[in-house]
Asker: 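Pasting a structure here, questions to come.
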Number of protein chains: 2
Amino acid sequence: MEIPERGDCFRADCPARDVFGHVTGRWGGLVLAALLGGTLRFSELRARIGGISEKMLAQTLREFERDGLLIRRQFPEVPPRVEYELTAAGLEVAQRLDHLIGWIQDHVRELVAAQRSHEATSRRASLS
Amino acid sequence: MEIPERGDCFRADCPARDVFGHVTGRWGGLVLAALLGGTLRFSELRARIGGISEKMLAQTLREFERDGLLIRRQFPEVPPRVEYELTAAGLEVAQRLDHLIGWIQDHVRELVAAQRSHEATSRRASLS
DNA sequence: CCGTATCCGCGCCGATACTG
DNA sequence: CAGTATCGGCGCGGATACGG
C-alpha cells in the first residue's frame, strides 16, 4: 500500500490508525506511560500496572518493539534479566499520553460527579 | 467507594482508569478528536470516522455524555437533528488526544519503517 | 435522520501449565 | 525471572431489522 507522507487516523486503512490502535489499546497507554520513569524490568512493569496479565504484557511489549517505540535489552545472566526502555519515538508518544493521563487523574472527582449527576437525570426521565 | 482527590490510572479499581478506558477505547479517541473542529451531527461524525458503525458511535457518544465530556443537543424538527459538542472538560481531553494523534500522523513513515525493519530482523533470527 | 433492539461470530484476554 | 503454549468464556462489535 501507498504510505502517505502524513497519516490520517480517521481513515480505516491507514497505518497510522494501526499504531494509534496499539497505543490506545487496553494496556498500551499504561505500558508506555509506566516507562516514562526510565528503564524497567518485565516484573517491575507487571507490578506497576494493576490488573495486567503476563500474557498481555508480553504481547503489548512485542507490539511496541515492532512499532519502534521501545527496545528490549536482554542480559546473559541466570536468572535472566530483561529490561525495556522507550526509544526516542516512544518517549514522544509516552509524553503525550502522560499529559492525557495526568489530566484525567487530576479531574477524577469532576468526572465521577458528572457520571453521578447523569445517572440521577436519566432516572428522573425514566420515571415519566 | 472512596474517591481520592487525584486518581491513579495504574490502579485497576480507580475510576480514573475507567474514564481512561473510555477515552482510549477503540473509537473514543477518534470521536473526541473529530469534535475538536466544532459541533457535529450524528451523520457527520459517522462519515468522518472511517469504519465506525452506528451502534458503536451511539454507544461511544452515550459514554462520553455520561462522563461529562460532551453534550447532546436535540432539535424538535422533522427530520430530527441532533448535534454533539465538547464540554470544557471534553475539550481538554480532546486537545491532549489530538497532540497524540498528530504526532503519530506526522511520523507514520518512521513507524512503518520500524515495523518493516523489525520483520526483517526477526526473519533472519528465525533462520537460525 | 437518528437512533434502538436483537442476534451471533470472532477474537480478546484471563487462567493455567509448562520451559529455558 | 521471563517468558511461551494452549484452552475456553464472554463480551466487543458488526449486521440486520425495526421504531420515533
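Note that this is a predicted model, so its numbers are computed, not measured.
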Asker: Rounding to a whole Å, what distance do you find between L45(A):CG and dA2(D):P?
Answerer: 10 Å
Asker: Given atom CE of M56(A) and atom P of dG3(D), what is their separation to the nearest angstrom?
Answerer: 15 Å
Asker: From the list dG3(D), dG3(C), dC13(C), which nucleotide is the closest neighbour of the side chain of A58(B)?
Answerer: dG3(C)
Asker: Can you tell which of dA2(D), dA15(C), dT6(C) lies closest to the side chain of K55(A)?
Answerer: dA15(C)
Asker: Assess whether a salt bridge exists between E85(B) and R73(B), defined as any Lys/Arg side-chain N lying under 4.0 Å from an Asp/Glu carboxylate O.
Answerer: yes
Asker: Let me know, please, whether F42(A) or I52(B) comes out on the 5' side of the other along DNA chain D by nearest nucleotide.
Answerer: F42(A)
Asker: What is the distance, rounded to the nearest whole Å, between atom CG of L40(B) and atom P of dC2(C)?
Answerer: 11 Å
Asker: So does E92(B) pair up with R96(B), basic N to acidic O under 4.0 Å?
Answerer: yes
Asker: At under 4.0 Å between heavy atoms, what does R62(B) touch on the DNA or RNA strands: base, sugar-phosphate, or nothing?
Answerer: sugar-phosphate
Asker: Check every atom of dG3(C), dA2(D), dC1(C) against the side chain of P80(B) and return the nucleotide holding the closest atom.
Answerer: dC1(C)
Asker: Could you go through the side chain to side chain contact (heavy atoms under 4.5 Å, CB included) check for L36(A) and L91(A) one step at a time?
Answerer: CA-CA 7 Å; L36(A) 261 182; L91(A) 182 61; 3.6 Å; yes
Asker: Figure out the CD/P separation between Q59(A) and dA2(D), and round it to whole Å.
Answerer: 19 Å
Asker: I need the CD-P distance between Q74(B) and dT4(C), as an integer number of Å.
Answerer: 10 Å
Asker: Can you see if the side chain of S43(B) gets near the phosphate of dC2(C) - specifically, an N or O under 4.0 Å from OP1 or OP2?
Answerer: yes
Asker: For the pair made of CH2 in W27(B) and C1' in dG11(D), what is the distance, rounded to whole Å?
Answerer: 17 Å
Asker: Which part of the nucleic acid does R72(A) contact within heavy-atom distance under 4.0 Å: base, sugar-phosphate only, or nothing?
Answerer: sugar-phosphate
Asker: Among the nucleotides dG3(D), dG14(C), dC2(C), which one has an atom lying closest to any side-chain atom of V82(B)?
Answerer: dC2(C)
Asker: Please state how far atom CD in E54(B) lies from atom P in dT16(D), giving the value in whole angstrom units.
Answerer: 13 Å
Asker: Out of dG3(C), dG14(C), dA2(D), which has the shortest distance to the side chain of R41(A)?
Answerer: dA2(D)
Asker: Run F64(B) and L70(B) through side chain to side chain contact (heavy atoms under 4.5 Å, CB included) and show every step you take.
Answerer: CA-CA 6 Å; F64(B) 285 143; L70(B) 58 79; 3.7 Å; yes
Asker: So, OP1 or OP2 of dA2(D): does either fall under 4.0 Å of a side-chain N or O from R73(A)?
Answerer: no
Asker: Base, sugar-phosphate, or nothing: which does Y84(B) touch, judged by heavy atoms less than 4.0 Å apart?
Answerer: sugar-phosphate
Asker: Name all residues meeting the side chain to side chain contact (heavy atoms under 4.5 Å, CB included) criterion together with A89(B); count only those two or more places apart in sequence or in a different chain, and write none if there are none.
Answerer: W103(A), E110(A), L69(B), T87(B)
Asker: Measure the distance from CZ on R46(A) to P on dC13(C) and round it to the nearest whole Å.
Answerer: 15 Å
